[in-house]
Amino acid sequence: MLQYSMLYPKQSVSRRTVSMDGMWKFCLDPEGKGTENGWADGIPQADLIPVPASFQDFYTDKDTREYAGDLWYETDVFVPEEYAGKNVAIRFGCATHRAEVYLNGVHVASHVGGFLPFMADITNVARYNAVNKVVVKINNELSETNIPCGKTKVLSNGKKMNSPYFDFFNYSGLQRPVKLVAYPKEYVFDLTVDHRINGRDAEVSYSVVTTGEHPVEVTVYDEDGREVAVSQGKEGILHIENAHLWQVRNAYLYTFTVRIKDEEEVLDEYSEEIGVRTVEVKGKDILINGSPVYLKGFGKHEDSDIVGRGFHIGVMKRDFECMKWIGANSFRTSHYPYSDEIYQMADREGFLVIDEVPAVGLFESLMNFMEASTGKKTAFFAKDTIPELLENHLRAVEEMITRDKNHACVIAWSLLNEPETTDEAAVPYFEKVFARAHELDVQKRPRTFALIMNSLPDTCKCYHLADVISMNRYYGWYLMGGYEMCDAEAAFRAEMDKWAGKDLDRPFIFTEYGADTYAAEHKLPSVMWSQEYQKEYLEMCHRVFDSYDFIKGEQVWNFADFQTTEGIMRVNGNKKGIFTRQRQPKDAAFYFKERWESLPLNHKSK
Ligand SMILES: O=C(O)[C@H]1O[C@@H](Oc2ccc([N+](=O)[O-])cc2)[C@H](O)[C@@H](O)[C@@H]1O
């Protein structure tokens, strides 16, 4: 079990949260000498920088933007007198990729992994009714022992440089909201729910973890605030009569309130909005509440102008409005778990989410992963970095599932993106990761991973572990693009015929397919990079998808153009967006709107 509660910070009769977002002091530490120079007590020569945000895109010099190493943040936080006697902590939405946290110079937390929240307990270190100094040391270097994978080079001028085994820019820093939280000594540490539909009724089995022995009561309220179920005890079943189920793009959220009680006194109260629904894979279908669904949507990124990977509430809203307009019903959180608030919104809007752990770049590749399509083998899973990588990977799986397990929107776990699967050494690694996810999730959601181009029916050693087979395919873009598209289609069909021949009795979805285009580029007849070519490419892919009954979803790469590492494979960013980085439609957006609005939810199932 994790050392800290992963429940999203909420206010209640017994809990307080205060936003610490704003301008923080900030400085780089290229010599890596901050710790020995006593920066834990306070950082020198600091600039001011917004939190939450990636630090990179504010500055106009390249050394800062490309910086690899330690970076330091500092702020003051006032801890009120009324918090004395409670538990007090600072909750970081994330710190990319690893962090050490100090309060008044005292070390209070360490965390590895850049895309999941953690708490620094400051109860015994905080000065009450006083201002406290918070210092965070972050390191953003990539390695093969942590996810996402890459390496850190040293240039001839002595400067370090990140070299990712993936294309998205290595944005980093305090990229998500930071909160001061206070909650009782005896508190609700965790809540887990699992749903069963019984005719018109629902049975929700729950379990609550608290830090004490007082009795627990769980009450369910409907959207009008009416009490519809109540149960006593840390474990039990809540019976909801005539349950209003959470449906795709038609959400309904009950409020589950957990109270720890001492007679009539409430010691702690925690509420969460939860949709009641089931998810399972049966034969070749993905079923929500027992009915088959066809996924229409995107692979996304947390990425926008100025704030980089920083959480921005306005960008989130715009993204959901664009996804609704175009007729999408799903997305994958490629290539890392997103900010908590995005899952809350997906719950509210009825979107289906494939939740992905940051296990990307598990394939050694140079030059912006150019070798990915060549069939080159790097024996990645035979390296001596693997034990430590696996440990970090498993912990990220645990943090992700613990954080996201109650979200109705989350219908599957994606446990890796485009790993090297052609080597037997991958198999035991995969087995451990897949087993862990199964053990942690009481809802037993389907598990998947995204298969890279060279993970083929006769070369991939790991697909048998996936409950849903997720394919990233670029026939007609990375392979046989342009006038060769007819051969690309034939090759694509030949691969799909081989999968069909395996008779796996499992759903397949496309988690990536796409072609780069510039929003203003038109050409008749088409050429690669023009809007016309993007559309022809997409039409070809859809012809293929529509020919196979076991293909149960299409998530195009990518929702929007996004920033990448520079290189000859990218023209200042990945331009496969259906929307621009500013979230305006390219021509293909109108094509998708037409297609997706006409495909029924149970497309290809009865
Ligand atoms: O390239 C893309 O646009 C996207 O594709 C995927 O990576 C690939 C890299 C090389 C090849 N290939 O050479 O065939 C195929 C795929 C990644 O999952 C994704 O993060 C990236 O943005």
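Just so you know, ligand 1 is whichever comes first in the structure, and atom 1 is the first atom listed for that ligand. What you see is a predicted model; the values in this text were computed from it and never measured.
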Side chains of Trp413 and Asp404: any donor to acceptor distance under 3.5 Å?
no

Please name the residue in the list Tyr548, Tyr463, Phe550, Phe492 that meets the ring-ring contact (aromatic ring centres under 6.0 Å, His included) test with Trp499.
Tyr463

Tyr294 vs Ile286 side-chain heavy atoms within contact, under 4.5 Å
no

Assess the pair Phe363 and Phe380: is the distance between their ring centroids shorter than 6.0 Å?
no

Ligand 1-proximal atoms of Asn574, by part, heavy-atom distance under 4.0 Å
side chain

Could you tell me, atom by atom, which parts of ligand 1 come under 4.0 Å of a heavy atom of Asp167?
20 (O), 21 (C), 22 (O)

For atom 2 (C) of ligand 1, tell me which residue out of Tyr513, Trp477, Tyr478 has the closest non-hydrogen atom.
Tyr478

Do the side-chain N and O atoms of Asp285 and Ser605 include a donor-acceptor pair separated by under 3.5 angstrom?
yes

Give the atoms of ligand 1, by number and element, whose distance to some non-hydrogen atom of His335 is under 4.0 Å.
18 (O), 19 (C), 20 (O)

Side chain or backbone of Asn417 under 4.0 Å from ligand 1, or both, or neither, by non-hydrogen atoms?
side chain

Proximity of Tyr474 to ligand 1 by residue part, where a heavy atom lies under 4.0 Å
side chain

Do we see a donor-acceptor contact under 3.5 Å between the side chains of Ser547 and Arg493?
yes

Any side-chain donor-acceptor pair under 3.5 Å between Gln531 and His522?
no

Can you find a non-hydrogen atom of Arg570 under 4.0 Å from ligand 1?
yes

Heavy-atom side-chain proximity of Lys552 to Lys284 below 4.5 angstrom:
yes

So if I count the atoms of ligand 1 from 1 in the order they appear, which ones are less than 4.0 Å from some heavy atom of Met453?
14 (O)

Is any side-chain heavy atom of Tyr429 closer than 4.5 Å to one of Leu390?
yes

Mode of Tyr475 contact toward ligand 1 - side chain, backbone, both, neither (heavy atoms, under 4.0 Å):
neither

Would you say Trp557 touches ligand 1, if touching means a heavy atom closer than 4.0 Å?
yes

What atoms of ligand 1 come within less than 4.0 Å of a heavy atom belonging to Phe562?
22 (O)

Does His301 reach ligand 1 with a nitrogen or oxygen that is under 3.5 Å from one of the ligand's nitrogen or oxygen atoms?
no

Below 4.0 Å, non-hydrogen atoms only: which portion of Phe168 touches ligand 1? Side chain, backbone, both or neither.
neither

Near Asn472 (heavy-atom distance under 4.0 Å), the atoms of ligand 1 are 18 (O)

